[in-house]
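Following: one structure in structure tokens, then a few remarks.
Throughout, protein chains are lettered first and strands after them, A, B, ... in sequence-line order, and every chain is numbered starting at 1.
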Protein chains: 2
Amino acid sequence: MAVTIRDVARQAQVSVSTVSRALSAPGLVKETTRQRVLDVVAGLGYQPNRAARSLITGRTGNLGIVVPDLENPFFPAVLRGVQTRAGEAGTSVFFCDSRECPETEAELVRTMAAQVDGVVLCASLLSDETIIELATATPLVLINRIVPGVSSVLMDSASGMEQVVTHLESLGHKHYVYLGGPDAAWSNHRRMQGLRGRAQLIGSFEPNFGGGHTAAEQALKTGATAFIAYNDLMALGALSYLASNDIKVPQQISVTGFDDILYAAMCSPALTTVHMPTEEAGNVAVDLLANLLEGGPTEQRELPTKLVIRASTRKHPMSA
Amino acid sequence: MAVTIRDVARQAQVSVSTVSRALSAPGLVKETTRQRVLDVVAGLGYQPNRAARSLITGRTGNLGIVVPDLENPFFPAVLRGVQTRAGEAGTSVFFCDSRECPETEAELVRTMAAQVDGVVLCASLLSDETIIELATATPLVLINRIVPGVSSVLMDSASGMEQVVTHLESLGHKHYVYLGGPDAAWSNHRRMQGLRGRAQLIGSFEPNFGGGHTAAEQALKTGATAFIAYNDLMALGALSYLASNDIKVPQQISVTGFDDILYAAMCSPALTTVHMPTEEAGNVAVDLLANLLEGGPTEQRELPTKLVIRASTRKHPMSA
DNA sequence: TTGAAAGCGCTAACAG
DNA sequence: CTGTTAGCGCTTTCAA
């Protein structure tokens, strides 16, 4: 195979342990020796064998992330945050898409566990019990989910939703309907809390374009003047349904989304939605995982969200 | 740590080598012995330590993929294809986003090389030389890029573009402009070939929403009646620019995209674009990589593309 | 068909 | 500050 630590040791005229130390515990080696080793390392293009290292340290230097749907741009954004922060620490990232299936999710976490130091679980659909069980076996950080005793980073959905409601009320809307996401999604319940009981509820629907389409059809029958979608993808689906039925947004019906994915700003009318600090959440998740790996305590962190008002909402016509 | 091969051997009353063989070379062990070992394995929940295994076999059982922009839904779709096929073979997938930066790209491939058996490189911006150099060090499969002597899977951009041109001509358009993507992108040149010299060229622009916005502004000055965008994201940006300038699509100007990302169908007007077999490309890439790892030859595979006609194109008004 | 033994490349005591 | 030594958990000759 490639060049080993022994080759470096020989050429630098030191023992293998000195090479090892020069690389991973610089303080323990005389500066001139270290420099000599480093030169040889560079010259030979030596790269430590990670398998050998992790065999002895028990650490892989990798981390995993599983998301429910890679096609929802919300999740690639989180991935980016994770990759960026992990990369800074020389950590590589495994990813998996569970396709909104809880069984797959648990399976993936278990499979990953064997080859990573810890995993980030996004918008999990698993039960508290299963999550606790997984967290016992593997350092685990949740994103947008709270489970007692497990680290997590939250984007404040409840507050985001309250901002939506406040906005809609300030526009004079009296009757609005919530196009609900998956029952198993913790975020869905959290968002409902933010509604403070003021919205009519329908659902649950699939948290994607098709789900929004279906939801809009039902929502229309309620006579509501505003639709609050579980997420942007559903809102986009609703927009599409309404457009194809010649219902004008926002003139006849106001629509709001959640997540502020890229397309929320691109569609027309541009979507009023709640901005989520996705990349930052990814960063923080990696930090929490790092703490965990150093024996630190579990932590919960909450990141603020902010309503972004665009063109899909306006004053309720009757309230003028 | 966890349960080791020795624990299994002890409890099954055989040597460690027998356990090893029972697991990875079933033919070499008496059936009854094998069954006994397997029972113990299941009972103990034994999972072979991958680091130890790969230390000796030199294989990691992992593969890597690097894409230029995770925010472009085209790439998550490819990722999915890769993950799916890799998963079937028990292979895990590392991902990285190079953020359209060639240096980062090369760096990422090199970093990954240390811990994967091979890597898939999507829409690479690197020079042929660099790619060949990387391919020499690591089994490599390219997606949407051809480099002599390197395996690759192509989605037939040239043909896709020809279909666009044919469509536009059939609608009576005489003057159309190509909103070009990055100069370093092989796909960009390939798509230009499909133009057969019949479009005016402007660019290059960033292959995203913002780039499309900018491009549309310039394209407008050409007096062309149809805009052909390098990809859907740019087309979406162009649509947005035109809408905000009260130019009606497709009444005044026709617009086409490329890729058929999810949002191409969602926006309004829905985008006429070229559908790319992204997931399949991911699958095939994994297959080619597997062949390579088994000592097979490099291969080039081309997958067909198909024009999807939606609402953003129509007959040229002057040609009625 | 099975077992014993020799490492894969590296880190981590333990001496010096 | 540096070297020696003993493995980490597994696969793979080589013998039996």
Base of [N], side chain of [X] - is there a donor-acceptor contact under 3.5 Å?
X: A/Ser20; N: C/dA12; answer: no
X: A/Ser24; N: C/dT11; answer: no
X: B/Arg21; N: C/dG3; answer: yes

Whole-Å distance separating the [atom1] atom of [X] from the [atom2] atom of [N]:
X: A/Arg50; N: C/dT11; atom1: CZ; atom2: C1'; value: 15 Å
X: B/Leu23; N: D/dT12; atom1: CG; atom2: C1'; value: 15 Å
X: A/Ile5; N: D/dT4; atom1: CD1; atom2: P; value: 14 Å
X: B/Asn49; N: C/dC10; atom1: CG; atom2: C1'; value: 14 Å
X: A/Ile56; N: D/dA6; atom1: CD1; atom2: C1'; value: 9 Å
X: B/Leu28; N: D/dA15; atom1: CG; atom2: P; value: 18 Å
X: A/Arg10; N: C/dC10; atom1: CZ; atom2: P; value: 12 Å

Go through [options] for me and flag the one nearest to the [X] side chain.
X: A/Val14; options: C/dG3, D/dG3, C/dC10; answer: D/dG3
X: A/Thr18; options: D/dT12, D/dG3, C/dG9; answer: D/dG3
X: A/Arg53; options: C/dT11, D/dC10, C/dT2; answer: C/dT11
X: A/Leu55; options: C/dC10, D/dG9, C/dT2; answer: D/dG9
X: B/Ser15; options: C/dG9, C/dA4, D/dC10; answer: C/dA4

| Which is true for A/Thr33 with a 4.0 Å heavy-atom rule: it touches a base, it touches only sugar-phosphate, or it touches nothing? | sugar-phosphate
| said: Base, sugar-phosphate or nothing for A/Ser17? Non-hydrogen atoms, less than 4.0 Å. | reply: base
| said: Please determine whether the number of non-hydrogen atoms from other residues, nucleotides or ligands lying under 6.0 Å from atom CD of B/Glu71 exceeds 12. | reply: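 More than 12 within 6.0 Å, yes.
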| Using 30° and 60° as the class limits, which term best fits the ring planes of A/Phe94 and B/Phe94: parallel, tilted or perpendicular? |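 Ring orientation of A/Phe94 relative to B/Phe94: parallel.
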| message | Using heavy-atom distances to pick each residue's nearest nucleotide on DNA chain C, tell me which of B/Ala52 and B/Arg36 is more 5'. | response |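 Its nearest nucleotide lies further toward 5', so the answer is B/Arg36.
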